[in-house]
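Lettering of chains follows the sequences in order, A, B, ..., and the numbering in each one begins at 1. Both backbone and side-chain heavy atoms feed into the values below; hydrogens, waters and symmetry mates do not.
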Amino acid sequence: MALQLYNSLAREKQIFEPINPDDIRVYACGPTVYNYAHIGNARMAVVFDLLVRVLRHLYPQVTYVSNITDVDDKIMAAARDSGEPINAITEKYTRIYNEDMAALGVSAPDIQPHATTHIGEMIDLIEKLVERDHAYAADGHVLFNVPSYPAYGGLSGRSRDEQIAGARVEVASYKKDAADFVLWKPSSEDEPGWESPWGRGRPGWHIECSAMAEKHLGLPFDIHGGGADLKFPHHENEIAQSCCAHGELHDQGGFARYWVHNGFVTVDGEKMSKSLGNFKLAHDLIEDFPGEALRLTLLSAHYRQPLDWSEDKIQQNKKTLDRLYKTVKDLADVADAPDATLGDEFLQALCDDLNTPKALSVLSALAKKAQETRAPQDKAALLQAGALLGVLQSDPDEWLGYAKGGASGDHSDIDALVAARHQAKQDKDWAKADALRDELSALNVVVEDTPEGPKWRFNA
RNA sequence: GGCGCGGUGGCAGAGUGGCUAUGCAGCGGAUUGCAAAUCCGUGUACACCGGUUCGACUCCGGUCCGUGCCUCCA
């Protein structure tokens, strides 16, 4: 089945044609690790996790690289503010990021390169750019000369003149052109730095992704992604650096063929951002809600659309999962069908530029069908569809609260109340039975009468 | 100002030139001592104004509103 992706570079949906169908190569810009990731950051991780899952379903091998930016002025500022060493901060937040994303069902990338371990590759790349007259050293800095790359601006769709007209920042005096950007900058003694042909310094932001993508994937590779706000300047600059370093002055696809950008998470219609203070940390949310409910919420809108975040929406998606898990529980005695294949309609939805809302509607239809037919292949189709989305993989008893937390909890009191109510029912003492139900409700316990006798669970 | 995206039923959210999206919530019914679950039924939705068309929510033009990027940003 043909995968279609909206390619930001072409500004249209295109059929994905791999460079080498035997190894699909994907790069997504990862976090700068100086504090907790918010749910907007998590959206990118979940979206690209899904894209990689779909690619793995379609192709025999996928190499997914997503970096950790562990050298950055914001990290230095965080270190100053907290008094902690820089590497303590970056290690801490890298670990937390990976844990939090795992809680959202995000599989680890195949390779998670750190910027600080690729300084040599960055210096090599900068040297190439200097040799080819695309970059120049000035005042301890090395800058990329934007006018040397005529195709500049192709991704974000703005000419160089437009950028200058809109420039909000003061232009440093050492720049030849207002649009030029930093590849390397000097570090003072108390700042992290590496020896280079231009003295002790550290890389600018954009060069790391060019260097790491090239090292781990080779050029050109298939798909490069990230949040929509990275289109300009970050991705624009990556393209400029990588294409110019290799003499690809005209083909913007000389770096990556397809550019995929996810939309923002908003709050009350406004972009979630650290400066507005309207952000929700993934780390906090996973304390309060199941990761799967958060993941489903992130997938409930198409990835390129804005997603307005609210607790109500999480609850709604949790209820959807509750219903689906009830279906799975219902089908517990239906045999597995290991050789069953994923339904076409479901895969088609995801192959249409990751149309997750459509896919979710198919998922509901699959659940309904499986419930009706109780056929092994229908059950398998439901579970496989869930697996591709990264949901519905927990134990339904666990999810629904029937699993009572193993040996840790003593529930003899609840068992006694349930038994007493059952006895009252046998005696047709409805008043007493209802009173006991109320007591149990107060303990957050739901009792369900089934043909096999009463069952109870904690109200999740 | 430049470039872009969007306005769909109570809410969320796809999609299509003519045929039920779907989910959550609600309503009616079946079932149930009660409840839960399940099943059946149930909504004359596509910002506004023009145009094209046999027919537009879907295409074109305009208007209004919201929102994003324009070198911190997923």
Side-chain angles (χ1 to χ4, degrees), chain A residues 8 11 28-32 37-48 72-74 77 146 153 156-159 161-169 171 178-182 204-206 225-234 236-237 261-266 269-276 279 296-297 300-302 304-308 310 312-313 315-324 326-327 329-330 349 352 355-365 368 371-372 400 421 425 428-431 433-434 437-438 440-441 446-450 454-457 459:
Chain A
S8 302
R11 288 184 198 75
C29 293
T32 302
H38 61 60
I39 196 69
N41 304 122
R43 188 181 193 187
M44 166 261 147
V46 168
V47 164
F48 286 94
D72 179 275
D73 288 2
K74 290 191 292 295
V146 168
S156 53
R158 55 189 109 226
S159 72
D161 291 343
E162 284 165 357
Q163 293 155 44
I164 293 165
R168 308 187 290 197
V169 291
V171 178
D180 291 352
F181 57 90
V182 170
W205 174 33
H206 316 295
D229 49 356
L230 294 186
K231 245 190 242 184
F232 188 88
H234 185 56
E236 199 73 77
N237 291 354
H261 291 99
N262 63 277
F264 299 122
V265 174
T266 60
E270 279 194 315
K271 180 182 171 183
M272 185 180 286
S273 75
K274 283 167 184 161
S275 52
L276 281 171
F279 55 89
L296 191 69
T297 303
S300 66
H302 183 85
R304 283 191 283 116
Q305 294 302 123
L307 174 68
D308 205 53
S310 68
D312 189 58
K313 198 171 280 184
Q315 297 291 7
Q316 188 173 308
N317 283 287
K318 188 184 166 300
K319 280 181 190 162
T320 301
L321 280 172
D322 286 347
R323 198 193 86 258
L324 291 169
K326 274 169 188 156
T327 299
K329 180 174 167 56
D330 241 30
D352 180 15
N355 190 338
T356 49
K358 173 76 176 165
L360 290 172
S361 82
V362 178
L363 190 70
S364 284
K368 195 168 189 171
Q371 183 115 306
E372 252 171 48
L400 295 168
R421 177 176 164 280
K425 276 187 62 182
K428 300 211 185 295
D429 186 350
W430 309 127
D434 289 347
R437 176 185 284 286
D438 290 343
L440 285 158
S441 294
V446 179
V447 184
E448 292 162 12
D449 294 322
T450 74
K455 287 185 179 173
W456 67 270
R457 63 185 167 87
N459 193 13

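- Distance, A:Asp449 CG to B:U38 P: 16 Å, rounded to whole Å.
- Across all strands shown, B:U32 has no partner, as no Watson-Crick or G-U wobble contact with both distances under 3.5 Å is found.
- Between A:Arg304 atom CZ and B:A74 atom C1' there is a gap of 16 Å when expressed in whole angstrom units.
- In this structure, of B:U38, B:A35, B:C69, it is B:C69 that holds the atom nearest to the side chain of A:Asp229.
- In this entry the distance linking NZ of A:Lys368 with P of B:A37 reads 16 Å, nearest Å.
- Distances from the side chain of A:Trp430 to the nucleotides B:G6, B:G33, B:C69 place B:G33 closest.
- Note that CD of A:Gln315 and NZ of A:Lys318 are 7.0 Å apart. Values are rounded to the nearest 0.5 Å.
- Comparing B:C72, B:U22, B:G68 by their nearest atom to the side chain of A:Ser361 picks out B:U22.
- Under 4.0 angstrom from either OP1 or OP2 of B:U71 there lies no side-chain N or O belonging to A:Lys231.
- Of all nucleotides present, only B:G51 satisfies the Watson-Crick or G-U wobble test against B:C59, with each distance under 3.5 Å.
- Map A:Val265 and A:Lys326 each onto its nearest nucleotide of RNA chain B; the residue landing nearer the 5' end is A:Lys326.
- Taking a pair to require two hydrogen-bonding distances under 3.5 Å in either a Watson-Crick or a G-U wobble arrangement, B:G1 pairs with B:C70.
- Comparing B:G13 with B:C24, their P atoms are spaced 16 Å from each other, to the whole Å.
- Looking only at distances, a side-chain donor or acceptor of A:Asn41 sits under 3.5 Å from a matching main-chain atom of A:His38.
- In this structure, A:Asn355 reaches the B:G15 phosphate: one of its side-chain N or O atoms is under 4.0 Å from OP1 or OP2.
- For the C1' atoms, the distance from B:U58 to B:C70 is 32 Å, rounded to whole Å.
- Heavy-atom minimum distance, A:Val146 versus A:Ala179: CG2-O, 3.2 Å.
- For A:Leu307, counting side-chain heavy atoms from C-beta on, the closest listed nucleotide (B:U22, B:A74, B:G13) is B:G13.
- For the atom pair CG (A:Leu307) and NE2 (A:His302), the distance works out to 12.0 Å, reported to the nearest 0.5 Å.
- Of the C1' atoms belonging to B:G43 and B:C3, the separation is 40 Å, rounded to the nearest Å.
- For B:G23, neither phosphate oxygen OP1 nor OP2 lies less than 4.0 angstrom from any side-chain nitrogen or oxygen of A:Lys313.
- Note on A:Gly40: a base of the nucleic acid sits closer than 4.0 angstrom, heavy atoms only.
- No contact: A:Val47 has no heavy atom under 4.0 Å from any strand.
- Atom CG of A:Asp73 is separated from atom C1' of B:U71 by 14 Å (rounded to the nearest Å).
- Between A:Phe181 and A:His206, the ring-plane angle classifies as perpendicular under the 30° and 60° cut-offs.
- In this structure, CG in A:Asn317 is found 8.0 Å from CG in A:Leu360, a value given to the nearest 0.5 Å.
- We find that CG of A:Asp312 is positioned 11 Å from C1' of B:G10, with the value rounded to whole Å.
- Checked against B:A35, B:G23, B:A74, the side chain of A:Glu448 finds its nearest nucleotide in B:A35.
- Rounded to whole Å, the separation between the C1' atoms of B:G61 and B:A56 comes to 15 Å.
- B:G1 and B:U63 have their P atoms separated by 13 Å, with the value rounded to a whole Å.
- With distances taken from any side-chain atom of A:His38 to the nucleotides B:C34, B:C69, B:A74, the minimum falls on B:A74.
- Nearest to the side chain of A:Arg457, among B:A36, B:C72, B:A14, sits B:A36.
- A:Lys313 places a side-chain N or O within donor-acceptor distance of the main-chain N or O of A:Asp308, the cut-off being under 3.5 Å.
- One atom, CZ of A:Phe232, and another, C1' of B:C5, lie 18 Å apart when rounded to the nearest Å.
- No side-chain heavy atom of A:Met44 sits less than 4.5 Å from a side-chain heavy atom of A:Pro31.
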Would you tabulate the pairs of protein nitrogen or oxygen atoms and nucleotide nitrogen or oxygen atoms of nucleotides 24-29 of chain B closer than 3.5 angstrom?
residue: B:C24; atom: OP1; partner: A:Arg323; partner atom: NH1; Å: 2.8

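- Interatomic distance, CG of A:Leu230 versus SG of A:Cys29, reported as 5.5 Å (0.5 Å rounding).
- The neighbour count for A:Lys329 NZ, taken as heavy atoms of other residues, nucleotides or ligands under 6.0 Å away, is above 12.
- Among the nucleotides B:A74, B:C39, B:G33, the one closest to any side-chain atom of A:Arg421 is B:G33.
- The separation of B:C39 from B:U32, taken at their C1' atoms, amounts to 13 Å, rounded to a whole angstrom.
- Between the P atom of B:G4 and the CG atom of A:Asn262 lies a distance of 21 Å, rounded to the nearest Å.
- Remark: the A:Arg437 side chain and the B:A35 base include a donor-acceptor N/O pair separated by less than 3.5 Å.
- Here, B:G17 and B:C57 have their C1' atoms 10 Å apart, quoted to the whole Å.
- Nearest-nucleotide assignment on RNA chain B puts the 5′-proximal partner with A:His206, out of A:His206 and A:Gly263.
- The gap from the P atom of B:G62 to that of B:C5 amounts to 14 Å, rounded to the nearest Å.
- Taking a pair to require two hydrogen-bonding distances under 3.5 Å in either a Watson-Crick or a G-U wobble arrangement, B:A45 remains unpaired.
- Listed candidates were B:C72, B:A14, B:C70. Nearest to the side chain of A:Lys74 is B:C72.
- To the nearest angstrom, P of B:A74 lies 5 Å from CG of A:Asn41.
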